[in-house]
There are 2 protein chains.
Amino acid sequence: MVMTMAVDRKEKVIRAAEKTFASFGYKATTMDLVARLADVGKGTIYTFFTNKEELFYEIMNQFIQRIKKIATNAIHDEDSFFVNLHRALYSMLELRKEHQLTIKLTQEFREVGTAQAEKALADIEDAILGFMEEFISKAAAKGELKACDPKVTAFVILRLYISLVFDWEMHHSPLSSQEIADLFELYLVHGLKK
Amino acid sequence: MVMTMAVDRKEKVIRAAEKTFASFGYKATTMDLVARLADVGKGTIYTFFTNKEELFYEIMNQFIQRIKKIATNAIHDEDSFFVNLHRALYSMLELRKEHQLTIKLTQEFREVGTAQAEKALADIEDAILGFMEEFISKAAAKGELKACDPKVTAFVILRLYISLVFDWEMHHSPLSSQEIADLFELYLVHGLKK
DNA sequence: TTATGACCAAATGACCAAAATAGTCATTTT
DNA sequence: AAAATGACTATTTTGGTCATTTGGTCATAA
């Protein structure tokens with residue numbers, strides 16, 4: 001029962017911290033506010049986490065787990081490798097795109113260059129790359145695509161998707177999931193050669 | 001003869017300004033230093049350019065002309081569309097990569113977020129995109145590649161190249177021109193499908 | 001007529017007092 | 001006894017100031 005209380009408090013701290021990080025970013029979030037929002041003493045936070053950074057990375061880790069789960073759920077055995085890859089990637093990027101904390105961190109990194117924000121964003125990218133690499137390796141072993149370096153391939157495909165999902169929107173009207181799937185099909189599945 | 005003198009001075013100003021912009025960036029370059037380096041009075045600069053910004057864009061325009069020339073020279077009629085596209089793109093990005101002023105502007109935009117630096121870099125990208133778009137349109141008309149939107153295609157290919165030439169190096173050992181050509185061939189020309 | 005640099009209003013950034021903050025630990029609560 | 005707390009402190013950040021620097025002008029010189 002005592003244990004349950006402690007876990008409850010830890011959860012409350014994490015949720016409160018997630019909210020404040022998402023609102024103000026890493027730099028501008030104060031431990032005082034987190035404590036007040038979680039309705040615990042400031043000292044209590046430091047019984048769960050050694051410092052602000054560790055609390056922050058706990059939240060990011062939880063988010064990365066969520067991303068991995070979503071990607072895994074997007075894989076349906078009855079579909080082809082390429083359909084599955086598109087669905088997994090698209091759902092991961094949609095999650096990332098809508099995730100308030102990630103949005104805030106992107107903004108904070110661009111504006112202030114906070115190192116923690118940069119590392120957190122790199123960690124998310126690495127998680128996505130890791131998932132893709134494994135998925136590509138498996139498919140390559142099964143002969144579902146040409147021989148290729150899974151690392152470079154994952155990197156190239158992710159870049160293509162990020163370009164289409166995020167960068168394209170900056171100067172043009174956004175592309176739908178179907179349009180992106182079609183472009184993926186055209187450029188990377190079949191190639192441009194007639 | 002009088003005209004020649006004026007052009008000479010203008011050229012001297014441009015060369016001096018290019019040097020200082022490349023050393024200190026847009027923000028930290030003073031018109032006083034440019035004038036001293038060009039060995040003209042400060043007022044003289046303002047007989048050629050209405051302000052610092054215009055002088056800067058004159059320099060950037062000259063660089064964009066150079067890029068276009070290099071790309072045009074990379075096109076050899078005896079080679080295929082894809083070989084030509086790779087050579088043109090690779091030489092443009094190599095020029096961009098080694099160009100001191102562009103390097104400085106990239107750094108300045110990342111660190112200080114100077115608006116002029118951002119605009120100049122966007123202008124370079126637009127020039128490259130414009131060239132590619134035209135080249136792709138022509139090839140599409142000749143039936144050398146599948147039907148595709150030249151704008152999106154140029155955008156996607158440029159992104160792929162930038163990823164491979166610049167971004168990949170940030171976490172891995174750099175790829176040679178031949179390796180990039182091979183990857184371009186694999187991913188975008190023939191596609192990943194077996 | 002053309003080039004110049006002394007000059008000026010505006011922008012900048014060095015400086016510093018005041019405020020805010022991460023993390024600690026003696027005290028209180030359970 | 002164990003867990004929670006918030007007052008406290010060393011350090012960082014902020015906001016405001018003012019001397020210095022800078023882009024741009026224009027009366028003078030060549």
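So that the names make sense, note that chain A is the first sequence line, chain B the second, and so on, each numbered from 1.
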Peer 1: Salt-bridge test for B/Lys97 and B/Glu169: reply yes if a basic N is under 4.0 Å from a carboxylate O, no otherwise.
Peer 2: yes
Peer 1: Would B/Lys151 and B/Glu133 pass as an ion pair if we require N to O under 4.0 Å?
Peer 2: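 So B/Lys151 pairs with B/Glu133 through a salt bridge.
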Peer 1: In terms of side-chain heavy atoms, does B/Gln65 have a donor or acceptor partner in B/Asn61 at a distance below 3.5 Å?
Peer 2: no
Peer 1: With the 4.5 Å side-chain cut-off for hydrophobic clustering, are A/Ile70 and A/Val165 part of the same group?
Peer 2: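 Looking at the clustering, A/Val165 is in the same group as A/Ile70.
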Peer 1: What is the distance, to the nearest angstrom, from the CG atom on A/Asp8 to the C1' atom on D/dA3?
Peer 2: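 From A/Asp8 CG to D/dA3 C1': 15 Å.
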Peer 1: Would you kindly compare B/Lys27 and B/Gly41 by the position of their nearest DNA chain C nucleotide and give the one closer to the 5′ end?
Peer 2: B/Gly41
Peer 1: Take the protein atom CZ of B/Phe56 and the nucleotide atom C1' of D/dG23, then report the distance between them rounded to whole Å.
Peer 2: 16 Å
Peer 1: For the pair made of CZ in A/Arg9 and C1' in D/dA2, what is the distance, rounded to whole Å?
Peer 2: 13 Å
Peer 1: Check the orientation of A/Tyr26 and A/Phe21. Use parallel for under 30°, tilted for 30 to 60°, and perpendicular for over 60°.
Peer 2: parallel
Peer 1: Report the distance from atom CG of A/Asp32 to atom P of D/dT5, rounded to the nearest whole Å.
Peer 2: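 Distance, rounded to whole Å: 13 Å.
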Peer 1: Name the orientation class of the two ring planes belonging to A/His86 and A/Phe184 (parallel below 30°, tilted from 30 to 60°, perpendicular beyond 60°).
Peer 2: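 Because their plane-to-plane angle is under 30°, the rings of A/His86 and A/Phe184 count as parallel.
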Peer 1: Restricting to pairs with a member in residues 106-144 of chain A, which pass ring pair (Phe, Tyr, Trp, His ring centres under 6.0 Å), not counting sequence neighbours?
Peer 2: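 Residue pairs with at least one partner in residues 106-144 of chain A: A/Phe81-A/Phe135.
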Peer 1: Mind running side chain to side chain contact (heavy atoms under 4.5 Å, CB included) on A/Val189 and A/Leu145 for me, showing each step along the way?
Peer 2: CA-CA 9 Å; A/Val189 180; A/Leu145 70 163; over 6 Å; no
Peer 1: Rounded to whole angstrom units, what separation is found between the CZ atom of B/Phe24 and the C1' atom of D/dT22?
Peer 2: 15 Å
Peer 1: Does a nitrogen or oxygen in the side chain of A/Arg36 sit under 4.0 Å from OP1 or OP2 of D/dT5?
Peer 2: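 No, outside the criterion.
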Peer 1: Does this structure show an ion pair linking A/Glu185 with B/Lys193, if we count only N-O contacts that are shorter than 4.0 Å?
Peer 2: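 Salt bridge between A/Glu185 and B/Lys193, a charged N being under 4.0 Å from a carboxylate O: no.
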Peer 1: When the distance from CD1 of A/Ile45 to C1' of C/dC25 is rounded to whole Å, what number comes out?
Peer 2: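 Going from CD1 in A/Ile45 over to C1' in C/dC25 covers 16 Å.
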Peer 1: Set out, line by line, the N/O atom pairs under 3.5 Å between protein and nucleotides 24-26 of chain D.
Peer 2:
| from | atom 1 | to | atom 2 | distance (Å) |
| --- | --- | --- | --- | --- |
| D/dG24 | OP2 | B/Tyr46 | OH | 3.1 |
| D/dG24 | OP2 | B/Lys52 | N | 2.8 |
| D/dG24 | N7 | B/Lys42 | NZ | 2.9 |
| D/dG24 | O6 | B/Lys42 | NZ | 2.3 |

Peer 1: For DNA chain D, what string of dots and brackets results from 5' to 3' when Watson-Crick and G-U pairs need both distances under 3.5 Å, crossing pairs get [ ], and pairs with another strand get |?
Peer 2: ||||||||||||||||||||||||||||||
Peer 1: So if I take every side-chain heavy atom of B/Thr30 and compare against D/dT22, C/dT21, C/dA3, which nucleotide ends up nearest?
Peer 2: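 Nearest to the side chain of B/Thr30 among the choices is D/dT22.
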